[in-house]
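Structure first, commentary second.
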Amino acid sequence: MNLNLTTKKIDSDVEIIIVRNKKIKENKEILEVLKFTGKDEEVVLLPESKKIYVGCESSDEDNIRIAIANAVKKLNTTNYKSASIKCKDKLSAYIDGFELGNYSFDKYKSKDEKDISEDKNIYIEVEEITKDIQNVFEQSVAICTSVNMVRDFVNTAPDDFYPSVMAQEAIKIATNNNLECKILDEEYLEQNGMGAMLAVGRASRYRSKLIHLTYKPSGKKKTKKKIVLVGKGLTYDSGGLSLKPSDFMVSMKSDKSGGSAVLGIMNAISSLNLPIEVHGIVGAVENMIGGDAYKPDDILKAKNGTTIEVRNTDAEGRLVLADCLCYAQDEIEEIDGIFDFATLTGACVVGVGQYTSGIMGNNEKLNNEFIKTSLKSGELACMLPFNRYLKKTLKSEIADICNISNTRYGGAITAGMFLENFIKDEYKQKWVHVDIAGPAFVESDWGYNPHGASGAGVRMTLEYLKSL
Ligand code: BES
Ligand code: ZN
Ligand code: ZN
């Protein structure tokens with residue numbers, strides 16, 4: 001699918017009409033017969049008048065995105081090669097709807113089932129193509145392209161996407177966007193005392209990788225802020241020796257979603273031309289079983305010297321993140337914000353549902369700012385508050401801390417509070433943990449998100465970075 005901006009009326013095969021606030025202006029009779037009233041999610045194709053009508057009950061941006069996505073899906077059931085649509089406002093929501101709604105994952109489909117939308121042209125008719133409009137167009141396309149890239153990463157089967165593949169993808173992103181790129185291997189982890197991350201990957205036939213990408217604004221632009229993004233890149237999570245039950249193991253290729261989101265953000269960032277320095281750090285690891293596996297009862301030592309009693313090898317993401325967070329704070333000076341992204345707990349999904357990310361940290365104001373920009377971008381997020389009582393449930397009798405809490409309740413929060421042990425005092429108020437376990441991967445389509453990976457984390461973070 002090719003998106004084009006135009007000021008001319010294009011004689012396309014079909015026209016897409018968004019009916020906002022149920023105001024139907026033409027074809028009233030036939031639409032009534034077809035029971036189209038302009039409600040959200042309603043979509044009708046009138047082949048004779050060459051029109052696709054979609055309902056959009058409000059002019060809210062997410063409503064527009066969903067309406068457009070529904071129109072694209074309808075268009076893709078036809079052989080029409082071109083479509084046009086008028087756009088008076090909220091251009092970026094239109095583009096999101098097209099680019100995100102049109103996504104399909106066909107990597108493993110045989111040829112004849114492949115995407116039919118590849119050769120379609122979409123013309124978005126605007127009144128004037130100002131510099132601003134052109135900018136919005138280019139930036140929105142860049143962001144959506146990165147979201148779709150993340151979706152591809154996450155949907156890819158675990159034996160086609162393991163830590164060194166993730167590292168190769170990071171190198172490609174760095175090359176295409178002029179980023180600095182460091183790939184650190186297990187020897188580095190060992191030499192630098194990163195015993196927690198190292199343990200998790202021990203039973204895998206794939207070697208763990210720590211990926212570090214850096215974006216620095218070009219030219220003389222003064223760097224305002226320095227932001228660090230850290231992602232959980234578990235290319236597969238079998239649970240380890242605390243093995244997951246079969247039904248829970250299915251879809252655990254999605255445990256690389258946080259790391260993939262960080263790569264996606266780094267991919268989009270240079271197109272946005274932001275005056276901030278951004279670091280993307282990913283712990284790419286596979287959690288497997290075997291004679292060499294780390295065990296419940298093991299005591300691990302993280303990079304900051306903290307000793308961790310392993311009581312469950314399925315709580316592995318926090319171990320990987322612990323060392324990655326330490327690495328970030330040791331290697332990068334004077335950080336203004338640290339954000340980590342992880343499919344960290346099933347408890348977060350139970351707590352807030354599969355469409356919403358859980359936002360945690362010590363700084364309520366910062367949490368709320370992040371939530372605000374997330375909602376603006378179209379990603380649902382809400383705060384899960386820390387408290388002193390849950391913090392105590394992570395105590396260990398023989399080490400500094402346990403990797404799981406001693407209570408069944410509040411699992412998303414206790415996981416977040418585990419991570420807090422690896423944040424230095426000076427950064428305690430500058431750190432936000434984002435649990436994307438729900439929205440990162442949903443096994444049915446929702447709005448403009450497809451079955452499978454959604455690319456959660458990318459749009460919310462870019463929106464936040466733009467606001468700085
Ligand atoms: N990757 C999982 C969390 C997860 C669950 C992500 C469902 C997406 C969907 C994580 O590593 C895990 O297994 N967490 C455990 C923690 C528990 C052992 C304290 C969980 O949530 O059950
Ligand atoms: Zn796990
Ligand atoms: Zn996991």
Side-chain angles (χ1 to χ4, degrees), residues 154-155 158 161-163 166 196-197 199-204 208 230-261 282-289 293-298 308-324 340-358 360 384 390 393-394 396 401-419 433-444 452-454 456-457:
V154 174
N155 284 326
F161 203 103
Y162 39 87
M166 201 164 194
M197 172 165 168
V200 175
R202 228 167 54 196
S204 170
S208 303
V230 178
K232 169 178 173 182
L234 261 287
T235 59
Y236 201 70
D237 180 12
S238 69
L241 289 178
S242 313
L243 197 63
K244 284 184 185 293
S246 328
D247 287 353
F248 288 70
M249 207 184 292
V250 178
S251 82
M252 275 304 136
K253 65 175 181 183
S254 69
D255 220 18
K256 55 182 170 322
S257 296
S260 301
V282 179
V285 184
E286 187 187 55
N287 186 21
M288 295 299 283
I289 58 171
Y294 82 123
K295 305 173 264 294
D297 286 352
D298 274 346
I308 306 165
E309 177 187 353
V310 176
R311 294 183 70 88
N312 190 317
T313 61
D314 197 11
E316 84 300 335
R318 60 195 77 183
L319 299 172
V320 173
L321 285 178
D323 273 335
C324 288
D340 77 72
F341 303 85
T343 46
L344 205 60
T345 65
C348 192
V349 194
V350 173
V352 301
Q354 67 267 51
Y355 308 114
T356 305
S357 294
M360 288 158 260
L384 302 176
L390 280 175
T393 67
L394 286 162
S396 164
I401 187 174
C402 284
N403 82 325
I404 55 167
S405 93
N406 62 21
T407 163
R408 314 202 281 128
Y409 306 116
I413 295 175
T414 49
M417 292 199 314
F418 174 90
L419 296 178
H433 161 57
V434 185
D435 194 333
I436 58 171
F441 196 91
V442 179
E443 285 194 286
S444 56
S454 70

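Heavy-atom basis, side chains included; hydrogens, waters and symmetry copies ignored. Remember, it's a predicted structure, so these values are computed and weren't measured experimentally. Here, residue 1 is the first one in the sequence, and each next residue gets the next number. Both counts, for ligands and for their atoms, begin at 1 and track the order of listing.
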What protein heavy atom sits nearest [atom], and how far away is it?
atom: atom 14 (N) of ligand 1; answer: Leu344 O, 3.5 Å
atom: atom 1 (N) of ligand 1; answer: Asp255 OD1, 2.8 Å
atom: atom 16 (C) of ligand 1; answer: Arg318 NH2, 3.8 Å
atom: atom 7 (C) of ligand 1; answer: Met252 CE, 3.6 Å

Practice item. Check the surroundings of atom CD1 in Ile289: do more than 12 heavy atoms from other residues, nucleotides or ligands lie under 6.0 Å from it? Key: no
Exercise for review: Check the surroundings of atom CZ in Arg202: do more than 12 heavy atoms from other residues, nucleotides or ligands lie under 6.0 Å from it?
Suggested key: yes
Any nitrogen or oxygen of [X], side chain or backbone, less than 3.5 Å from one on ligand 1?
X: Ala315; value: no
X: Asp314; value: yes
X: Lys244; value: yes

With atoms numbered from 1 as shown, which atoms in ligand 1 lie under 4.0 angstrom from a non-hydrogen atom of [X]?
X: Glu316; value: 11 (O)
X: Ala437; value: 6 (C), 8 (C)
X: Asp237; value: 1 (N), 2 (C), 10 (C), 11 (O), 13 (O)
X: Asn312; value: 18 (C)
X: Ile404; value: 19 (C)

Check your understanding: Under a 4.0 Å N-O cut-off, is there an ion pair linking Lys232 with Glu316?
Key -> yes
Review point. Which bit of Lys232 gets closer than 4.0 Å to ligand 1, counting heavy atoms only: side chain, backbone, both or neither?
Key: side chain
Exercise for review: Examine the proximity of ligand 1 to Met249 and report which part, side chain or backbone, both or neither, has a heavy atom under 4.0 Å away.
Suggested key: neither
Review point. Can you give me the OE1-the Zn ion (ligand 2)-OD2 angle for Glu316 and Asp237, to 10°?
Key: 100°
Review point. Below 2.8 Å, any N, O or S contact between Leu234 and the Zn ion (ligand 3)?
Key: no
Check your understanding: Which atom, among the N/O/S set of Asp255, is closest to the Zn ion (ligand 3)?
Key -> OD2
Point to revise | Sub-4.0 Å heavy-atom approach of Val349 to ligand 1 | key: no
Point to revise | Shortest heavy-atom approach to atom 5 (C) of ligand 1 - which of Ser242, Gly438, Gly346 | key: Gly346
Review point. Looking at atom 11 (O) of ligand 1, would you say a protein heavy atom lies below 4.0 Å from it?
Key: yes
Check your understanding: Does the Lys256 side chain pair with the main chain of Val154, one donor and one acceptor, at a distance under 3.5 Å?
Key -> yes
